[in-house]
Each structure stands twice: as C-alpha cells, then as structure tokens.
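Right, one structure below, let's go through it.
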Amino acid sequence: MSILSIEHISYSYEDGTKALKDVSFSVEPGEKTAFIGANGSGKSTTFLCLNGILKPQAGRILYKDKPISYSKKELLSLRSKVGIVFQEPDNQLFAASVVQEISFGLFNMKLPRCEIEKKVEAIVDYMGITPFAQKPVHLLSGGQKKQVALADILVMEPEVLLMDEPVSALDPVHTVMLHEKITELPKEGITIIVSTHDLDFALQWADKIVVFHQGLILKSGSPEEIFMDKELLVQAELIQPKVIELYTELTERGVLRENLPVPKDFQILKNYMIEAYYAKI
Ligand SMILES: Nc1ncnc2c1ncn2[C@@H]1O[C@H](COP(=O)(O)OP(=O)(O)OP(=O)(O)O)[C@@H](O)[C@H]1O
C-alpha cells in the first residue's frame with residue numbers, strides 16, 4: 001500500500017501558469033523522499049496539492065490508496081494526517097504566543113486542557129524552543145519561526161510530513177538539529193517528503209529522490225541513480241554533488257577500485273581513499 005500517491009495531476013494557476021503537467025508518483029509508508037528541481041519547477045505546488053490546499057484540474061490524489069474527495073470533512077481529516085510546513089513560516093503562524101500557536105490545533109480537536117499542556121510541553125522540549133516559548137510569534141527571528149512552524153505540525157502527530165525548504169533561514173546548529181529530527185522521525189513511522197535545494201543533504205538523507213523540471217517529473221529513483229545521472233542533472237538545471245563528482249573522477253582515473261558503493265558523504269570517500277592508499281603500499 002502506498003501512503004500517498006498522485007496520478008497524472010495537472011495544475012494551472014489563475015493567471016494561466018501551468019505549474020504541473022501530468023505528474024505521477026507514489027510514496028511508501030516510512031519512506032524518506034526528497035523533491036529536487038530548479039526554482040519554479042513545481043515542487044511547492046505539488047505539496048499544496050498533496051495536502052488538499054489546491055485541487056488539481058486533472059488527475060487524482062490518493063491517501064492510503066483511496067482517492068481524496070475534497071468534501072470539507074475529508075479535507076479536514078486529510079490535513080490532520082498530512083501536515084505541511086511551509087517555506088515561509090509567516091504563512092502558517094498566526095496566534096499571539098508560541099505556546100498558543102502550538103496549542104491551537106489541539107484546542108480545535110477539543111482535547112482536555114491537561115492533555116494539551118502535556119503534548120505542547122513535550123514538543124517544545126523536543127524542538128528546543130523552550131527559551132522563546134512564551135514570546136509573541138511576531139517577535140521571533142526567521143529561524144525561530146521555522147522551528148515553531150514544525151512544532152505546530154508535529155504536535156498534531158501527522159502520519160505524513162511535507163516540508164518545504166525546511167532549513168532555509170536556519171543557522172548551522174539548528175540546521176544540524178533539524179536534519180537529525182527529520183532522520184529520527186521516519187524511525188517513529190512518520191513518512192516525510194522534503195523539498196530542498198540542498199543536494200548534499202538529499203543524497204545523504206533520502207531513500208527516494210524525485211526530480212522536477214518545468215512542471216514535469218523527469219525521473220524518480222534512489223539517490224545513487226539520480227546523482228550519478230549527469231545528463232539528467234544538466235537537463236534539470238541541477239549540479240552534481242561534489243562528493244559524487246570527485247568519486248567518479250577518482251574511479252575513472254583508477255585511484256579507487258571499480259564498483260565501490262556510491263559515497264553519500266566526504267567521510268565515506270575519505271575512507272575509500274585511505275583504503276586505496278594502504279592497498280598500494
Ligand atoms: N499563486 C501563484 N500564481 C501564479 N503562478 C504561481 C503561483 N505560485 C506559483 N506559481 C508558478 O508556478 C510555477 C511552479 O512554482 P512552485 O512554487 O511550485 O515551484 P518550486 O519548484 O516550489 O520553486 P522554488 O524552488 O523556487 O520554491 C512557477 O512558474 C511559479 O511562478
């Protein structure tokens with residue numbers, strides 16, 4: 001069973017921009033998927049369709065193999081299971097204080113106050129936002145808003161998390177923290193789709209990469225399949241991660257032996273080189 005799939009969807013905005021043209025793909029439960037593609041290639045529009053905010057003019061979206069019907073009740077139910085963290089947190093945050101913001105959805109679900117307080121406290125702690133938990137949202141920095149936006153969604157315990165550019169505006173420490181969280185969450189059964197321009201992160205993190213270009217999906221596959229395909233990357237206006245470029249060159253020059261697994265980061269490549277060095281002396 002796929003948890004989320006789209007079949008032949010097309011979406012045009014009111015001004016006539018054809019943002020998606022016959023796009024199909026599916027995501028399995030617990031899978032870590034990265035959407036990559038140049039600016040304006042259709043990644044965010046796909047997110048908005050997946051969460052039911054936009055309704056495609058053609059094609060259909062299935063949640064757990066059942067097509068979504070767009071009735072008010074079903075959309076509410078879909079959005080409680082498929083949470084979206086927007087690229088711009090200001091599109092998502094509107095309550096006065098951080099704690100009120102994170103509690104809002106739980107109050108809407110009419111949970112008992114003590115349960116709400118417990119859940120909010122746990123998520124504030126998990127996301128490391130205790131130092132500014134009582135602050136008004138509009139006084140937070142861009143990166144802090146980003147953390148609150150994620151807490152806001154996580155507290156609702158979604159089954160699928162859509163994250164549009166999750167680390168833009170985050171400093172290095174919070175980038176690492178967020179990367180750790182989105183590596184941990186799938187182990188707890190949450191399916192995550194991330195839209196990112198950070199191809200090094202996509203290579204390390206994702207199980208599956210989906211390449212967007214001008215409203216089309218050019219290819220989806222494992223990080224190795226995608227990032228070793230230089231022609232595809234040129235067509236998609238993307239740049240091959242440096243670690244793969246170097247690995248390819250070292251293999252072609254015979255410095256590294258053939259058939260070593262594609263390295264996901266420079267630490268692995270360094271280990272290959274140390275091994276190659278000792279094999280030669
Ligand atoms: N509200 C809108 N009205 C009209 N056109 C839009 C609207 N939102 C997006 N578009 C257009 O739809 C196309 C796809 O945009 P989308 O935001 O989905 O791309 P993206 O891949 O997420 O880009 P980025 O990497 O820059 O965030 C672009 O041509 C964009 O200009």
Side-chain angles (χ1 to χ4, degrees), residues 4-27 32-61 68 70 75 78-79 82-94 142-143 145-147 149-150 153 160-170 174-175 178-179 182 191-206 208-221 223 226-227 229 232-241:
L4 208 50
S5 46
I6 60 180
E7 292 179 353
H8 302 289
I9 63 166
S10 295
Y11 185 84
S12 296
Y13 285 99
E14 273 181 15
D15 67 354
T17 306
K18 288 190 171 132
L20 296 175
K21 305 164 196 164
D22 194 8
V23 162
S24 301
F25 75 91
S26 60
V27 174
K32 293 177 287 192
T33 303
F35 285 0
I36 63 172
N39 291 134
S41 55
K43 304 177 300 293
S44 304
T45 307
T46 305
F47 272 177
L48 297 175
C49 290
L50 284 172
N51 172 266
I53 294 171
L54 298 180
K55 185 178 177 187
Q57 286 93 1
R60 58 182 197 161
I61 294 167
I68 60 174
Y70 297 93
L75 280 180
L78 178 76
R79 287 179 195 151
V82 181
I84 180 165
V85 181
F86 291 96
Q87 192 168 357
E88 293 300 330
D90 286 332
N91 291 342
Q92 187 182 325
L93 308 175
F94 53 87
K145 283 183 186 167
K146 204 98 192 181
Q147 289 169 260
L150 177 57
I153 299 300
V160 182
L161 188 57
L162 310 175
M163 303 182 79
D164 206 347
E165 286 294 329
V167 297
S168 66
L170 291 187
H174 287 96
T175 299
L178 197 111
H179 283 168
I182 55 184
T191 305
I192 303 188
I193 311 179
V194 160
S195 164
T196 183
H197 293 293
D198 182 345
L199 302 187
D200 295 321
F201 168 69
L203 168 67
Q204 282 175 37
W205 174 80
K208 182 158 81 192
I209 308 263
V210 182
V211 184
F212 283 77
H213 183 59
Q214 296 181 351
L216 300 167
I217 290 179
L218 292 184
K219 185 170 174 178
S220 67
I226 298 299
F227 290 124
D229 190 340
L232 167 80
L233 297 175
V234 170
Q235 193 189 352
E237 300 168 69
L238 296 170
I239 293 170
Q240 193 174 43

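As a basis for the values below, the full set of heavy atoms in this structure was taken, side chains included, without hydrogen atoms, waters or symmetry mates. Each ligand, and each atom within it, is numbered from 1 in the order the structure gives. These numbers were taken from a predicted model, which means no experiment stands behind them.
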Item to check | Row check, Y70 ring normal vs K55 NZ/CZ: under 6.0 Å, within 45° | outcome: yes
Checklist entry - Is it true that the side chains of T17 and D15 contain a donor and an acceptor less than 3.5 Å apart? => result yes
Checklist entry - Going by atom types alone, do T196 and K43 pair a side-chain donor with an acceptor below 3.5 Å? => result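 Checked: T196/K43 side chains show no N/O donor-acceptor pair below 3.5 Å.
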Checklist entry - Is there a protein heavy atom less than 4.0 Å away from atom 14 (C) of ligand 1? => result yes
Checklist entry - Is atom 31 (O) of ligand 1 close to the protein, meaning a heavy atom under 4.0 Å from it? => result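 Neighbour list for atom 31 (O) of ligand 1 is empty of protein heavy atoms (cut-off 4.0 Å).
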Report the nearest protein non-hydrogen atom to [atom]: residue, atom name, distance rounded to 0.1 Å.
atom                    : result
atom 27 (O) of ligand 1 : Q87 OE1, 3.5 Å
atom 17 (O) of ligand 1 : S44 CB, 3.6 Å
atom 23 (O) of ligand 1 : G40 N, 2.8 Å
atom 21 (O) of ligand 1 : K43 NZ, 2.8 Å

Next on the checklist: Can you give me the closest heavy-atom contact between T46 and F35, atom names plus distance?
Outcome noted: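 Result for this residue pair: CG2-CE2, 3.7 Å.
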Report, in ascending order of atom number, the atoms of ligand 1 lying under 4.0 Å from any heavy atom of [X].
X    : value
T17  : 5 (N), 11 (C), 12 (O), 29 (O)
G42  : 14 (C), 18 (O), 19 (O), 20 (P), 21 (O)
T45  : 14 (C), 15 (O), 16 (P), 18 (O)
S41  : 19 (O), 20 (P), 21 (O)
N39  : 23 (O), 24 (P), 25 (O), 26 (O)
H197 : 25 (O)

Next on the checklist: With rounding to the nearest 0.5 angstrom, report the OG to CG distance, S12 to L54.
Outcome noted: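 CG of L54 is found 11.5 Å from OG of S12.
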Checklist entry - Measuring from Q87:CD to F47:CZ, what's the distance to the nearest 0.5 Å? => result 10.0 Å
Checklist entry - Can you check side-chain contact (heavy atoms from CB on, under 4.5 Å) on I84 and L48, steps first, answer last? => result CA-CA 8 Å; I84 180 165; L48 297 175; 4.1 Å; yes
Checklist entry - Parallel, tilted or perpendicular: which describes the rings of Y13 and Y11, with under 30° parallel and over 60° perpendicular? => result perpendicular
Checklist entry - Once the angle between the rings of F201 and H179 is folded into 0 to 90°, is it parallel (under 30°), tilted (30 to 60°) or perpendicular (over 60°)? => result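 Parallel.
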Next on the checklist: Regarding atom 6 (C) of ligand 1: of the candidates F47, F35, Y13, which has the closest heavy atom?
Outcome noted: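 Ranked by closest heavy atom to atom 6 (C) of ligand 1, first place is Y13.
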